[in-house]
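One structure is given here, and the rest of the page talks about it.
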Amino acid sequence: MRLVLISFGVLFFELMLIRWLGSEIRIFGFFKNLILMAAFLGLGLGCATASNLKGKSGKLSNLFPVLIFFNVLVLTLAPHIGLTNMTFVLSLDLFDWNTGIPSVTALAINILSLSAVFLLVTATFDALGQDLGRELAVGAPLNAYTLNLLGSLAGVMVYSLLCFLETPPWIWLGVGFLVVLCFYHRPWQLGLFFVSLAFAYLASSGSIWSPYYRIDLHPVLLPDFHETQPVPAGTFLEVNHMVHQRALNLSDQFLDKHPKLRSSVEYNTYNLPYEAVPHPSAVLVLGAGTGNDVAAALRHGAQKVDAVEIDPTILKLGHKLHPEGPYQDTRVNIHNNDARAYLTSTNNKYNLIVFGHVDSHTTFSTVSSVRLDNYLYTRESLRSATNHLAPQGIAALSFAAGPLWLRARLYQLVKDVADSPPIVFSTHFDNPGSILILWGPGLDSVRGNLERTRFKQLIAPKELCQPISIPTDDWPFLYQRLRNLPLIYVFV
């Protein structure tokens, strides 16, 4: 039983730190393997030295409560001491919205900080590894390994269940401590566990923890839209300490009271697709989020809206918080699913398919780790969506693109699956490079009207024709400009 419990604890704490560190120190969200390698290194060292302990507890093993406390302390203080948004800086690979390169001093501090966190995690798992190695050595090797695998699998399953139930980190920590209590039960160790739980509660209790993200909520006030008096206009969703999306009130009743909002970027961006398809009978929204795109479809008379969103917590927040209540409308069918999976499983045809600002593009690596979102922006994905358009249907893809080469990649990706040249608008939605691309069999009949629309920031195709590779399911690296080994991985 001791072997099963320590095996459970090892995998449980490993997954917990991979996720928690990735949420609070974003560079570890991009390079999750750093924490995995630190854990493996620590476990290897711990198991290797356990044979010298002769059944006794090692000094480092006894210090596990101290080491996990320092992990929690770092996680608690990260947003306040500049760890949350630090990054490696290599100008050849950095996707930084053209904000420039921090100083060499800042880079050195970041490297030292990340190295210290790496070594802290290594020491933490070295301590656990000593106990694991000692328990593995007690019985016959195959029997011990069987119990080790069973305990490890149980740790993975229980942690996954806690994430599915949307529990916060202090709950994860409490479960982990209970499991390893038979190894660390001296009064001072129990005291450190209690203090660690208190810090974890202070750091995370005010947030919502979906199966994917840490979510913090803030009000949207009208001064953001150039009004003179601060009036609540919706809710900001901050994900892993970055702005993720806004649940906005863009209803006619609200805009009549605050007419300046009609000239906002948000209002124009969400309404632009309906200048191409004024009264759609069927709309598909991929990446529906809290419901802005769904609300826009309903405002323009859509008879049926299929809203696809992978995060169940985001859907719940949209149902609860969105000022226009789009998810409560009987015309809306909610699908808690991955966008590609939905496209594969449905035979429905749509007058309008809207690709929302999926994942707000804030959790991607600068060189794009493989994620589900990547597979939404591939040739096969866009071809599948195009095949779901009705005979006169149109698709609209919104994207917070930064450099020109990324806008060119998206344009050429759409052009590759479209029967006629797409139309590209510059929306400035999240940054100056944000675009909206329209394509589909119904585009030619409204092309002239769209090119004369009051939304004037039209991008000429010749600006988007630089040579660039198109992402496919076999190479889905949207943010990696060239097909090479990114220098930033060599650097790390």
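Residue indices begin at 1 and follow the sequence shown.
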Is the [X] ring parallel, tilted or perpendicular to the [Y] ring (thresholds 30°, 60°)?
X	Y	answer
His335	Tyr342	tilted
Phe477	Trp475	perpendicular
Tyr377	Phe355	tilted

Taking [Y]'s backbone N and O only, do any of them form a donor-acceptor pair with [X]'s side chain (distance below 3.5 Å, no angle check)?
X	Y	result
Ser381	Thr378	no
Asn387	Arg383	yes
Asn351	Ser281	yes
Gln392	Leu443	no
Glu380	Ser384	no

Rounded to the nearest 0.5 Å, how far does [atom2] of [Y] lie from [atom1] of [X]?
X	Y	atom1	atom2	result
Ile27	Ser113	CD1	OG	12.0 Å
Thr290	Glu309	OG1	CD	8.5 Å
Leu464	Lys415	CG	NZ	10.0 Å
Thr122	Ile35	OG1	CD1	8.5 Å
Leu317	Tyr327	CG	OH	10.5 Å
Thr330	Asn333	OG1	CG	9.5 Å

Closest non-hydrogen atom pair between [X] and [Y], with its separation:
X	Y	value
Gly356	Asp293	CA-OD2, 3.9 Å
Arg19	Cys163	NH1-SG, 3.3 Å
Val121	Ala39	CG1-N, 4.2 Å
Arg26	Asn240	CD-O, 3.4 Å
Arg246	Val220	CG-CG2, 4.1 Å
Asn249	Phe254	O-CD2, 3.3 Å

Donor on one side chain, acceptor on other, [X] and [Y], under 3.5 Å:
X	Y	answer
Thr167	Trp172	yes
Asn292	His322	yes
Glu24	His241	yes
Thr472	Asp474	no

With side-chain hydrogen bond (donor to acceptor under 3.5 Å, both in side chains) as the criterion, how do Asp306 and Tyr350 come out once you've worked through the C-alpha distance, each side chain's angles and the decisive distance to 0.1 Å? CA-CA 9 Å; Asp306 285 323; Tyr350 298 94; 2.5 Å; yes

Would you check, one step at a time, whether the test ring-ring contact (aromatic ring centres under 6.0 Å, His included) holds for Phe125 with Phe13? CA-CA 9 Å; Phe125 283 91; Phe13 281 109; 7.6 Å; no

With salt bridge (charged side-chain N to carboxylate O under 4.0 Å, His left out) as the criterion, how do Asp473 and Arg340 come out once you've worked through the C-alpha distance, each side chain's angles and the decisive distance to 0.1 Å? CA-CA 11 Å; Asp473 284 354; Arg340 284 294 298 274; 3.0 Å; yes

Can you list the residues that meet the side-chain contact (heavy atoms from CB on, under 4.5 Å) rule with Ala395, with sequence neighbours excluded? Ile353, Leu389, Trp439

Test Tyr274 against His300 for ring-ring contact (aromatic ring centres under 6.0 Å, His included), laying out the working first. CA-CA 7 Å; Tyr274 300 93; His300 289 85; 4.5 Å; yes

Candidate list Asn268, Thr269, Leu436, test side-chain contact (heavy atoms from CB on, under 4.5 Å), partner Phe429, passing option: Thr269

A quick test of your reading: do over 12 heavy atoms of other residues, nucleotides or ligands sit less than 6.0 Å from CE of Met37? yes

Heavy-atom count around Asp256 CG within 6.0 Å, excluding the residue itself: above 12? yes

Quick one: do Glu166 and Lys316 make a salt bridge, cutoff under 4.0 Å? yes

What's the verdict on ring-ring contact (aromatic ring centres under 6.0 Å, His included) for Tyr213 and His244, showing C-alpha distance, side-chain angles and the deciding distance? CA-CA 10 Å; Tyr213 308 115; His244 183 67; 5.5 Å; yes

